[in-house]
A.B. asks: 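This is the structure I have questions about; it appears just below.
Chain letters run A, B, ... following the sequence lines, proteins first and then strands; every chain starts at 1. Since the model is a prediction, treat every value here as computed from it, not as a measurement.
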Amino acid sequence: MENEKRHKTTVSRRDVLKGAGAVVGTGLVPRLALAIPQGDGPATLSATEYATLDAISARLIPADENGPGAREAMAARYIDRALGGALASSRALYVEGLAALDSYAETSKGAAFVVLAGADQDDVLADVQDGRAEGVPQGFFNTLRSHAIQGTFSDPFYGGNAGFLGWDMIGYPGVRTAVAAEYQQMGVEHAPNHVSVYDSSMFEPGED
Amino acid sequence: MTRQLNPTQVVVVGAGAVGGVAVLPLAEAGLDVVALEAGDWLRTRDMAPDELKLSRGLWPPGPQKVEGEVPTSRAGDSQTANQGFAHPMMNAVGGTANHYMAQAWRLNPWDFRVRTATVERYGSSRIPDGSTVEDWPLTYDGLEPFYDRVEYGIGVSGKAGNLDGVLDPEGNVFEGPRSREYPMPALRTTSFMQRMVDAGHNLGWNPFTGPAAITSRAYQGRPGCVYHGYCMGAGCHVDAKSSPAVSTIPRALETGRLRLVTGAHVTTIESDEDGRVRGVNYIRGGEEIFQPADVVLLASYTYENVRLLLISRSPAYPNGLANNRSQVGRHYFSHAQFGGVNALFPFDLENWYGTPGQGICIDNWADDNFDHSGLDFIGGGSLYVYTERRPMAAVNGVGTWAPQGMRNWGSAWKAHVIEHCDRTNSAYIQRTTLPYEGNYLDLDPTTRDPLGYPVIRVTASFRDNERNMGPFLAERMRLWYMEAGAREVRGNAAVGNAMGVSTHAYGGTRMGDDPASNVVDRWGFSHEAPNLGILGGSVMGTSGARNPTLTAQALAWRTAEHLAENWNRIAG
């Protein structure tokens, strides 16, 4: 069953990738982001759940003086899609956890999480992390954080790391099928290549 | 109903790191060989350098027999053994050599004669209490020709430090004499690695580039390494990692003498009333099949080697095959190799790429390369630093260096990650580990695999000798990092209590001349079942301070060559 699911997911992603072919070569424009038709709803979460998740990601890895963060990387899009595939076993936790977190935001700060000011959102998340937010399932914070990191720093193929901004954030010069010696020299600036692993035909997903 | 196949001369159970090497000398000698491999061939797309895929259960690819056979583990007899989450090994043609670190070390001559050498230099009181360590039934010099065959056969890169007794400080001056140079030069170095080399020299030590089963240039039709940074725990998309799947197995297949059966799940080994083995039972695609053979070579890694023996009971072997002296499972140990020492540097290291095989080693504190007179342990550890860093691992790993009290999210954390994620390095310190009374493998009394057979139970704990050398080695590692400009160094190289389940698992079918304390003879054949050979780390009686694979492969080549040269006597 798991294999079947994996297979279906991969095939649809591959089609997306092919559809994105038209924009290859436009440089900094994130291909996959463009390939997703605007206006489509979330894949697994409700619109409200998605908005809450997106707002949480924006506090976990915020946009600030050090550049864009998880929201701009579209970490929520990565999580939303993965909950229909590789992370399906976490889906129930998200549905329960997001509702409980929002209800804790109402109780403690008087409004839904998405409309709170950043500082209040941080208070809510700190309470969740410390186990002080009543009703929020244990382990939810660590799951959120771990998936937000995946959605910001994994290959853009999976729907996050939009525009390669996660890799740019930490100075990762990009995934390469061959690496010249100068890329292992300290003190040398390395321009990122901004490619997905799956831009290379040798790794094209297929029948498993 | 079991389907009986036509007999073959040799059946090899497992086409991995050791079985996949042994098939070449057998096939080249003209023997008909069937290799039964539980996994399948990997494809190029399985080698995608995709950190997410590699880290979330999609690697290793394909059905994994080992997933149902994860050993249980405990420190001692009084505890209940618990099953881990994952098996340390993988099923595929080439086995775990598809994704290992590919460090390709020869053991030091001392490792072959730990007992005698220790007694000679320090007295018998220095053999650690309760240790069952014995000298190997062969010396380093006896294994040297087979190390050489494997290095050239699979393709190993490195720099000789001892060429027929002539020392070269570019290589490891502590190694045993080798008959010729490596087939390929060492992997290229990086500026951070060069920094570590310089620091080692400043301390008066002998840093050198470690040997790797990775091509440093084109070799036997394969290209040189591309250093892309997704080597450890992942396959190589250009076949630069010298797994048997890309080296010895294809050449053995070309002889026409090897038949490789993938997806073959071996369940038991059959023996007759005289105590000779007759062949093996396996399941493939749901069908039960018996493969008769004149000789069986067991090459399924330490845990499965021992498990298959203990499961294969018969009138001649009521306690398990080759176990009438109750030695199967004894003298087990797993390598003391964790308990790291970590450094934070005040500058970026450009460690995003490379391979763990592209590392720098210090052997001054390994084996008996220094005087242990005033110390409370024998043996030692190799200090090893390497390059390879992946984005998510970098973000997660740098958190341990965050200031106390900082939350692991938010702007302050993000700034910390951005500043430091390419400034960390972790040393790999492998240490002499010994066999002891009370440490053993047996069949778990309750936990079973999907076919209903018991899984292996590990009962083993580290002792004072492994424990005492930790701080000694950690201090030297700290000095090395600080000399290279580290801002801070943490970690004491401590080992835990339980030895646990490991990719470096030794013993259980130890090799030795005395049948009372060893399962296989000096050639790797059972003392009890004369046409049963055993390959792998399970025959090794000491660990040395370095990765075991090349030694296990050299022993496997030697066993195979011995079999071919003595075919009539062994095959009966």
A.B. asks: Taking it one step at a time, do B/D46 and B/H237 satisfy side-chain hydrogen bond (donor to acceptor under 3.5 Å, both in side chains)?
C.D. replies: CA-CA 8 Å; B/D46 296 323; B/H237 61 292; over 6 Å; no
A.B. asks: Under a 4.5 Å heavy-atom cut-off, does chain A meet the side chain of B/R390, its backbone, both or neither?
C.D. replies: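 For B/R390, there is no contact with chain A at all, as no heavy atom is under 4.5 Å.
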A.B. asks: Taking side chain as everything from C-beta outward and backbone as N, CA, C, O, which of these in B/N396 sits under 4.5 Å from a heavy atom of chain A? Side chain, backbone, both or neither.
C.D. replies: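 Side chain only.
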A.B. asks: Under a 4.5 Å heavy-atom cut-off, does chain B meet the side chain of A/A63, its backbone, both or neither?
C.D. replies: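 Only the backbone of A/A63 comes within 4.5 Å of chain B.
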A.B. asks: Contact part of A/A180 toward chain B, heavy-atom cut-off under 4.5 Å: side chain, backbone, both or neither?
C.D. replies: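 For A/A180, backbone heavy atoms alone lie under 4.5 Å from chain B.
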A.B. asks: Please report whether the ring centroid of A/Y78 lies less than 6.0 Å from that of A/H147.
C.D. replies: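 Not under 6.0 Å, so no.
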A.B. asks: Given that the side chain runs from C-beta out, which part of B/E419 has a heavy atom under 4.5 Å from chain A: side chain, backbone, both or neither?
C.D. replies: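 Neither part, no heavy atoms under 4.5 Å.
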A.B. asks: Are more than 12 heavy atoms from other residues, nucleotides or ligands located less than 6.0 Å from atom CD of A/Q185?
C.D. replies: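 Yes.
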A.B. asks: Under 4.5 Å heavy-atom distance to chain A, tell me which part of B/D348 shows up: side chain, backbone, both or neither.
C.D. replies: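 Interface part for B/D348: backbone (N, CA, C, O).
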A.B. asks: Quick check on the interface: out of B/R195, B/K53, B/K414, who has the most heavy-atom pairs with chain A under 4.5 Å?
C.D. replies: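 Between B/R195, B/K53, B/K414, the count favours B/K414.
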A.B. asks: Which bit of B/T387 comes within less than 4.5 Å of chain A, counting heavy atoms only: side chain, backbone, both or neither?
C.D. replies: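 The side chain, not the backbone.
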A.B. asks: So with a 6.0 Å cut-off around CD of B/E488, is the heavy-atom count from everything else above 12?
C.D. replies: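 Atom CD in B/E488 is crowded, with more than 12 foreign heavy atoms closer than 6.0 Å.
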A.B. asks: Looking at A/R132 and A/E134, is there a salt bridge between them, counting it only when a charged N and a carboxylate O are closer than 4.0 Å?
C.D. replies: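 Salt bridge between A/E134 and A/R132, a charged N being under 4.0 Å from a carboxylate O: no.
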